[in-house]
Amino acid sequence: MLGLIPLALVLGYLLELAGRVRQGHPRPLPPWDAYNRKLRRGAQLLLAIVVYNLPLLVINGGTTLFTQAVAGGLAGDLIGYVVMCCVTPFTLVYTLIAWPLLATGVARSIETGDLG
């Protein structure tokens with residue numbers, strides 16, 4: 001959990017950097033100040049990433065628990081492979097839909113300055 005704070009700071013810095021590049025600053029690298037602002041914006045982006053990936057975490061976590069519960073012998077292995085073959089296309093399709101939506105939301109938030 002402690003590693004999420006530096007990650008949020010880096011994400012906040014990334015948002016500020018992208019905003020400065022979008023505005024056409026000659027030196028787009030922002031200074032490392034206003035940590036509260038960077039932390040707040042980065043935490044909002046981190047929360048958005050978690051929310052967009054929550055269905056994947058639930059589905060894949062449930063699949064892993066299910067395959068571990070039935071594991072044992074040839075029948076358990078076959079059931080595990082069948083379940084994984086059914087879940088993998090859903091994971092791929094959901095990722096191909098969710099990540100462009102997340103990128104669009106981040107680009108819009110950089111443009112407007114609001115992550116809501």
Side-chain angles (χ1 to χ4, degrees):
M1 289 299 286
L2 198 57
L4 294 178
I5 294 172
L7 179 60
L9 278 172
V10 170
L11 288 173
Y13 186 82
L14 173 81
L15 288 173
E16 191 172 340
L17 173 65
R20 289 171 66 104
V21 167
R22 185 173 179 85
Q23 293 170 358
H25 281 278
R27 292 182 170 213
L29 289 177
W32 276 101
D33 59 355
Y35 294 110
N36 290 337
R37 183 171 184 262
K38 285 180 180 57
L39 184 63
R40 181 176 34 85
R41 291 193 70 204
Q44 289 173 342
L45 179 56
L46 186 60
L47 180 65
I49 290 171
V50 168
V51 167
Y52 272 83
N53 288 304
L54 197 58
L56 293 177
L57 292 171
V58 169
I59 295 293
N60 290 329
T63 302
T64 302
L65 288 174
F66 176 74
T67 55
Q68 291 297 319
V70 298
L74 182 62
D77 291 341
L78 288 175
I79 291 171
Y81 289 133
V82 168
V83 169
M84 286 298 179
C85 287
C86 293
V87 171
T88 302
F90 169 76
T91 301
L92 181 63
V93 168
Y94 182 81
T95 303
L96 289 174
I97 292 170
W99 275 87
L101 291 174
L102 178 63
T104 303
V106 170
R108 185 170 291 163
S109 73
I110 290 170
E111 186 177 301
T112 62
D114 180 31
L115 276 173

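The side-chain contact (heavy atoms from CB on, under 4.5 Å) test with Leu45 is passed by exactly one of Val50, Leu15, Leu7: Leu15.
What you find for Ser109 and Arg41 is that their closest heavy atoms are O-NH2, 3.9 Å. Across all their heavy atoms, Leu39 and Ile5 have their closest contact at CD1-O, 3.8 Å. Of all heavy-atom pairs spanning Pro31 and Lys38, the tightest one is O-NZ, 3.2 Å. Val21 and Pro28 make their closest contact through CG2-CB, 3.6 Å (heavy atoms, listed as atom of the first residue, atom of the second, distance). What you find for Ala8 and Ala43 is that their closest heavy atoms are CB-N, 3.7 Å.
Atom CG of Asp33 sits in a crowded spot, with more than 12 heavy atoms from other residues, nucleotides or ligands closer than 6.0 Å.
Annotation: the span from Leu29 atom CG to Glu16 atom CD amounts to 10.5 Å, rounded to 0.5 Å. Atom OG1 of Thr95 is separated from atom CZ of Phe90 by 8.5 Å, given to the nearest 0.5 angstrom. In this structure, CD1 on Ile97 lies 14.0 Å from CG on Leu102, to the nearest 0.5 angstrom. Note that the CD1 atom of Ile59 and the OG1 atom of Thr64 stand 11.0 Å from one another [nearest 0.5 Å].
Applying the salt bridge (charged side-chain N to carboxylate O under 4.0 Å, His left out) rule to pairs touching residues 21-32 yields Arg22-Glu111, sequence neighbours excluded. Residue pairs that meet the side-chain hydrogen bond (donor to acceptor under 3.5 Å, both in side chains) test with at least one member in residues 78-87, sequence neighbours left out, do not exist here. Sorted by first then second residue, the ring pair (Phe, Tyr, Trp, His ring centres under 6.0 Å) pairs that include residues 13-52, not counting sequence neighbours, are Tyr13-Trp32.
One hydrophobic cluster, built from ILVMFWY side chains closer than 4.5 Å, holds both Leu46 and Leu101. Residues Leu4 and Leu11 fall within the same hydrophobic cluster, defined by Ile, Leu, Val, Met, Phe, Trp and Tyr side chains chained together at heavy-atom separations under 4.5 Å. Leu47 and Ile110 fall into different hydrophobic clusters, defined by Ile, Leu, Val, Met, Phe, Trp and Tyr side-chain heavy atoms under 4.5 Å apart, directly or through other members. If you chain together hydrophobic residues whose side chains sit under 4.5 Å apart, Trp99 and Val106 fall into the same group.
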